[in-house]
2 protein chains.
Amino acid sequence: MARAEHRSGPDGEGICVPDDCPCEIGACTLSKYVRTTNESRGDHHHTLAETETAVAEMLSGMSVDMESMAAVQNIYRAANAVRKRLESSVLAPHDLTWTGWVVLWVVWIWGDIETRHVAAEAGISKGTLTGVIGTLEKRGLLKRRTHPDDARRVLVSLTAKGRKLMIVLFPKFNEEESYVTHSLSSPEKATLARTLRKVALQVEP
Amino acid sequence: MARAEHRSGPDGEGICVPDDCPCEIGACTLSKYVRTTNESRGDHHHTLAETETAVAEMLSGMSVDMESMAAVQNIYRAANAVRKRLESSVLAPHDLTWTGWVVLWVVWIWGDIETRHVAAEAGISKGTLTGVIGTLEKRGLLKRRTHPDDARRVLVSLTAKGRKLMIVLFPKFNEEESYVTHSLSSPEKATLARTLRKVALQVEP
DNA sequence: GATCAGTCGTTCGGGCCCGAACGACTGTGT
DNA sequence: ACACAGTCGTTCGGGCCCGAACGACTGATC
């Protein structure tokens with residue numbers, strides 16, 4: 001079972017322990033799937049190439065679709081990185097969770113929408129949505145009312161307070177979206193969106 | 001405040017309620033951020049164009065970077081779609097969560113790794129990791145031991161049972177990774193990975 | 001040797017997350 | 001009228017998720 005060994009980097013941050021930390025350049029990060037924790041202080045990185053080398057070594061003998069693996073990995077990694085970035089820079093100051101934001105967004109755009117549709121749009125289960133809407137309702141950002149024609153259903157809409165919050169928050173959010181894609185050219189962004197849509201459609205039938 | 005109205009589609013699945021569901025083609029899905037719930041039965045879809053039209057209408061007067069917004073949205077949407085797909089097809093049959101899988105993967109590849117590094121690699125907080133490792137340890141898939149040179153630290157490694165599971169599971173997982181990127185050409189996959197890496201690096205400094 | 005600042009993993013409370021089970025309700029068919 | 005199959009949102013238990021606070025431990029400095 002091959003395993004990488006390493007010694008601490010020249011800067012000697014003292015975070016990697018020689019002989020034990022499985023890094024090769026005093027920089028610990030597998031880069032698999034995702035990595036965006038606010039706690040890694042000295043911030044270590046394996047390059048993707050290093051990771052792939054370690055993986056290839058581990059997986060020698062198995063037939064592996066490295067290309068697809070790398071693509072999927074980076075989707076998840078980028079998504080988490082972006083999410084955590086937006087959470088901490090835009091949402092946290094207003095004490096909003098990511099899911100709370102998404103729900104507010106959906107209700108803002110479509111207004112007076114049934115909860116089951118909100119759940120579908122937000123990509124969460126209806127059971128989860130009940131709790132999230134409860135939280136947001138408690139804070140006076142949206143309100144529930146029974147569907148006039150079908151007592152089983154519940155319609156959701158923003159309150160004035162909720163609308164005011166969105167008008168303040170959305171520009172900040174969009175500004176951060178611009179920032180995180182700042183290193184991409186305009187056609188790159190378009191291609192990225194188009195390619196990812198193909199992936200999503202492959203999965204959502 | 002403009003809002004789309006619609007009537008049920010010709011197939012009349014009876015899921016969208018006329019006059020109330022904010023769809024235009026009897027197909028409800030905002031496509032914002034993500035949408036992959038196993039509960040939406042009749043499976044409704046707004047095209048991205050429709051969504052963008054509704055958003056644009058809602059946001060008229062504000063200056064919005066639509067291109068970046070679409071890129072970020074699709075990253076998150078694809079990530080969730082892929083995650084839920086892999087969870088249900090590969091992980092759920094073995095009663096594994098996504099996070100549990102990622103942790104097992106990290107430990108499998110790097111072996112005998114300190115918990116703080118596992119947390120960084122997996123992209124979760126150390127507090128969360130304590131619980132996840134507890135779960136996996138209880139199931140006999142990995143084991144903890146105190147670092148020989150530093151009693152504060154804890155080393156994690158797979159058990160024989162854990163290794164055996166990975167050898168069974170990884171090929172299935174990789175096969176699904178191939179499937180979800182099936183509609184992409186080889187250079188498209190490479191470009192996708194490279195582009196997403198740029199986004200991730202923009203955020204993780 | 002005795003601080004002491006810093007790092008380790010753990011614990012805790014509150015929120016999200018899911019699937020299964022539930023009561024309320026609807027529309028259909030009898 | 002009246003069952004009844006199906007859908008609605010809610011509740012529940014178990015797991016993940018975070019940040020803050022904590023005790024254990026280390027290494028450097030006195």
Side-chain angles (χ1 to χ4, degrees), chain A residues 12-17 20-21 34 36-42 80 83-84 87-88 91-92 95-103 114-120 122-139 144-156, chain B residues 12-17 20-21 34 36-42 80 83-84 87-88 91-92 95-103 114-120 122-139 144-156:
Chain A
E13 318 165 278
I15 293 202
C16 276
V17 177
D20 286 294
C21 172
V34 77
T36 317
T37 319
N38 332 13
E39 9 207 327
S40 54
R41 204 152 333 275
N80 257 47
R83 171 174 171 160
K84 291 189 177 178
E87 275 179 342
S88 66
L91 270 25
D95 206 36
L96 267 183
T97 63
W98 177 270
T99 304
W101 161 262
V102 172
V103 168
E114 298 179 21
T115 55
R116 69 209 162 100
H117 293 141
V118 177
I124 59 179
S125 73
K126 52 187 189 168
T128 300
L129 184 64
T130 297
V132 174
I133 286 188
T135 301
L136 296 173
E137 195 176 24
K138 212 181 309 174
R139 292 183 51 186
R144 272 184 256 232
R145 65 190 180 88
T146 306
H147 194 293
D149 299 340
D150 187 340
R152 289 171 302 180
R153 308 182 185 188
V154 173
L155 292 171
V156 184
Chain B
E13 319 165 278
I15 292 200
C16 276
V17 177
D20 286 295
C21 173
V34 78
T36 317
T37 320
N38 332 14
E39 11 206 326
S40 52
R41 204 150 335 274
N80 259 48
R83 171 176 171 159
K84 292 189 177 179
E87 275 178 342
S88 65
L91 270 25
D95 205 39
L96 267 183
T97 63
W98 176 270
T99 305
W101 162 262
V102 173
V103 168
E114 297 179 22
T115 55
R116 69 209 163 99
H117 293 141
V118 177
I124 59 179
S125 73
K126 52 187 188 167
T128 299
L129 184 64
T130 297
V132 175
I133 287 188
T135 301
L136 297 173
E137 194 176 24
K138 212 180 309 174
R139 291 183 52 187
R144 272 184 256 232
R145 65 190 179 87
T146 305
H147 194 294
D149 299 341
D150 187 340
R152 290 171 302 179
R153 307 181 186 187
V154 173
L155 292 172
V156 184

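So that the names make sense, note that chain A is the first sequence line, chain B the second, and so on, each numbered from 1.
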Atom-pair distance ([atom1] on [X]; [atom2] on [N]), nearest Å:
X	N	atom1	atom2	answer
A/K138	C/dG14	NZ	P	11 Å
A/D149	C/dT26	CG	P	10 Å
B/E87	D/dG15	CD	C1'	12 Å
B/R116	D/dT26	CZ	P	14 Å
B/R145	C/dC8	CZ	P	18 Å
B/W101	D/dC16	CH2	C1'	18 Å
B/H147	D/dT26	NE2	P	11 Å
B/H117	C/dG9	NE2	C1'	13 Å

Inset, instruction - Give a yes/no on whether any side-chain N or O of A/T99 is located under 4.0 angstrom from OP1 or OP2 of C/dG15. - result: no
Legend entry - For A/E87, side chain to side chain contact (heavy atoms under 4.5 Å, CB included) partners two or more places apart: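 With neighbours one apart ignored, the set is A/R83, A/K84, A/L91, A/W98.
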Inset, instruction - Compare the minimum distances between each of C/dG9, C/dC25, C/dC17 and the side chain of A/D150, then state the nucleotide with the smallest one. - result: C/dC25
Legend entry - Listed nucleotide nearest any side-chain atom of A/I124, set C/dG9, C/dC17, C/dC25: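 So the side chain of A/I124 is nearest to C/dC17.
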Inset, instruction - Working to the nearest 0.5 Å, report the span between CG of A/D150 and CG of A/L155. - result: 10.0 Å
Legend entry - Gap separating the CD atom of A/E114 from the CZ atom of A/R152, nearest 0.5 angstrom: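 The CD atom of A/E114 sits 10.0 Å away from the CZ atom of A/R152.
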Inset, instruction - Grab the two heavy atoms, one from B/A122 and one from B/V103, that are nearest each other, plus how far apart they are. - result: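 Taking B/A122 first and B/V103 second, the nearest heavy atoms are CB-CG2, 4.3 Å.
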Legend entry - For B/A119 against B/L129, the heavy-atom pair lying closest together: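 For B/A119 and B/L129, the tightest heavy-atom pair comes out as N-CD2, 3.6 Å.
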With sequence neighbours left out, write down each residue that passes side chain to side chain donor-acceptor pair (under 3.5 Å) with [X], or none if nothing qualifies.
X	answer
B/R144	B/E137
B/T128	B/S125
B/R139	none

List every contact pair, protein side and nucleotides 10-12 of chain C side both N or O, where the distance is under 3.5 Å.
residue	atom	partner	partner atom	Å
C/dT10	OP1	B/R144	NH1	2.6
C/dT10	OP2	B/T130	OG1	3.0
C/dT10	OP2	B/R144	NH1	3.2

What N/O pairs connect the protein and nucleotides 1-6 of chain D at under 3.5 Å? Give each pair on its own line.
residue	atom	partner	partner atom	Å
D/dG6	N2	A/R152	NH1	2.9

Inset, instruction - Answer yes or no: is there a side-chain heavy-atom contact under 4.5 Å between A/L96 and A/L136? - result: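 Counting from C-beta outward, A/L96 and A/L136 do come under 4.5 Å.
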